[in-house]
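These values consider heavy atoms only, across backbone and side chains, with no hydrogens, waters or symmetry-generated copies. Nothing here was measured: the structure is a model prediction, and the numbers come from that model. In what follows, every chain begins at residue 1, and chains take the letters A, B, ... in the order their sequences are listed.
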Amino acid sequence: MHSDNEMLRMRREKLDTLADMNISAYPARSARTHTIDNLLANEDAYIAGEERVIIAGRLNSKRRMGKAGFANLRDAGGVIQLFIRKNDVGNDAYELFKLLDLGDFVQAEGTCFHTRTGEYSVKVEKLVLLSKSLRMLPTVKEQVLEDGTVKRFDEFADIELRYRKRYLDLLLNPERRRTFEVRAQFISAIRRFLDERGFLEVETPVLQSLYGGANARPFVTHHHTLDTDFFLRIATELYLKRLVIGGIERVYEMGKNFRNEGMDRTHNPEFTLLEVYQAYADYNDIMELTEEMIRMAAQAIFGEERLTFQGEVIELAGPWRRASMLELIQEHAGYDASHFDADRLRAFYKQHELEPPAHAGPGKLIEELFAHFCEPKLVQPTFVTDFPREVSPLAKRREDDDRFVERFELYIAGYECANAFSELNDPIDQRTRLEAQAALRDLGDLEANVVDEDFLEAMEYGMPPTGGLGIGIDRMVMLFTDNVSIKEVILFPQMKREG
RNA sequence: GGGCCUGUAACUCAGUGGUAGAGUAUCUGCCUUUUAAGCAGAGAGCCGAUGGUUCGAAUCCAUCCAGGCUCGCCA
């Protein structure tokens, strides 16, 4: 009887056996002197020096033959083989070795040597149990092929299990850790870049009594003492602008935002967003900042200004292309939308058998055309400029043509990576635009902005001309790690409750 | 939300109406330089869930749950 429950029972019985042998299954201390990557990196020295080493880690595989055996031990830095002979370790330790299961943490003391077949190993003289594993790890065997690549058998590959039990994913697919290392490196490169340029990192409220700064439905939660509902922020924008008004000329926040929308390959309900504001800058300055920042991150992580995504080489060396939305629609749809006539735009939709969005004016219709015809084509980094004012309630209008605003989005590999504008700082215009959004809301657009009187009041005190930027960190990490699913770059992505 | 696909042992998967299978893992025995160790044997499953059709269902039908791809929605 070796069902799942029986497995657990058998391992619990081993705990009793260990107790009878006076062996603690969960000792408080270990005495590691060397990490495995250290041993691997200095093979010749350890073999020649016959130095005693104490390593610790998780038992990865075990091959026992009568009165001797081999096992693989893994710690954070690598795997090394242990060789254990009854003659060397004594009867009790060898009995312990026989009781060990895959997944147990052990400490091994001994010297390094080469086996008969030439494998670099530790000849164990002392073996200590550090922590007993009660649950059987999935079986993954590896074979190192002649060309050095590792062939894996019965890989732990079930996507759902990998996300729900990420610890097993990291343990059984150790190369997965690289994704999260790159994520950390990317974030720290961005911080370094902004800090060096005098930007102040701040933290603003996650719980807000009004939400704004983006078009999205919020999560709602309840504060019991105040008996009030709060919204989880959908953007940090309105608070960061208050700080610019308060005299912090360069400010940024990198943090979780929450949007109550659909989940798919590129959307997780909670995601990490960077927002940056720079007083006395406009969207052209922000384009330069963005370009330098991303290029610098690539340099820090890859040592070169390019990356490969889904087989496409993305060239990050500048300057990146800048093209207006209308220009790109002309280029990819062969259509001149500069007339801004909603009826003619709808006719073009019909001609291409596309459904125009509800409640849409010409600006929205143009933006949707862009999304449909152009976004997937923008593989190399491209700043898309001159968005219709109608779809940009927080951006400053262009002085030469007020149908447009001073705004850009950055596209790389068909993904929207950044959104930025010369921020609106005219409080009267801002009120008009927020009220227009509120009107859309009354028409049933649940993602339209609400009017934030406190924010408007702050702006009435005066806000300098300011350039602002938002970057979806998760999507950038997808690019940098060659992943097409946001779930691969978030350690614990949102999943439905198991039914 | 629509379409397509998937769900069988701890892992990876066969099995399309007639007694639930394989390899690995596990357990027992042998084996003191193995390496996807080997040899011999054993155990292990509510076939995602619930209903239905049938003498009989992992298999056919319906509904539901979970996941993937895709379309729509979505800064």
Rounding to an integer number of angstrom, what distance separates [N] and [M] when you compare their [atom1] atoms?
N	M	atom1	value
B:U63	B:C5	P	14 Å
B:C47	B:A42	C1'	23 Å
B:G56	B:G2	P	34 Å
B:A44	B:A20	P	14 Å
B:A9	B:A14	P	12 Å
B:U26	B:A10	C1'	9 Å
B:A25	B:C65	C1'	29 Å
B:G21	B:U59	C1'	15 Å

Under 4.0 Å, heavy atoms only, any strand: does [X] hit a base, just the sugar-phosphate, or nothing?
X	answer
A:N72	nothing
A:D264	base
A:L410	nothing
A:E155	sugar-phosphate
A:R217	nothing
A:K14	sugar-phosphate
A:G213	base
A:A235	nothing
A:E355	nothing
A:R407	nothing

With both distances under 3.5 Å as the test, what is the Watson-Crick or G-U wobble partner of [N]?
N	answer
B:U35	none
B:C74	none
B:C11	B:G23
B:U50	B:A62
B:A40	B:U28

Test the [X]-[Y] pair against the cation-pi criterion, namely NZ or CZ under 6.0 angstrom from the six-membered ring centroid and within 45° of the ring axis.
X	Y	answer
A:R177	A:F180	no
A:R403	A:F340	yes
A:K396	A:Y283	no

May I have the distance from [X] (atom [atom1]) to [N] (atom [atom2]), rounded to whole angstrom?
X	N	atom1	atom2	result
A:N419	B:A75	CG	P	11 Å
A:I234	B:C74	CD1	P	14 Å
A:R152	B:G23	CZ	P	23 Å
A:R135	B:A25	CZ	C1'	16 Å
A:F408	B:A75	CZ	C1'	13 Å
A:D154	B:C13	CG	C1'	9 Å
A:M65	B:C30	CE	P	15 Å
A:K364	B:C73	NZ	P	9 Å

[X] with [Y]: basic N within carboxylate O range, under 4.0 Å:
X	Y	result
A:E270	A:K256	yes
A:E125	A:K123	no
A:R233	A:E275	no

Below 3.5 Å, does any donor atom in the side chain of [X] face an acceptor in the base of [N], or the other way round?
X	N	answer
A:E6	B:U26	no
A:R116	B:U33	no
A:T117	B:U33	no

Do any side-chain nitrogens or oxygens of [X] fall under 4.0 Å of OP1 or OP2 in [N]?
X	N	result
A:R64	B:U32	no
A:R63	B:C31	no
A:K487	B:G68	yes

| A:S61 vs A:K67, nearer the 5' end of RNA chain B by closest nucleotide | A:K67

| First encountered from the 5' end of RNA chain B, between A:F153 and A:A216 | A:F153

| request: Kindly indicate whether the side chain of A:L238, heavy atoms from C-beta on, has any atom under 4.5 Å from the side chain of A:L210. | output: no

| Below 6.0 angstrom between ring centroids: does that apply to A:F83 and A:F113? | yes

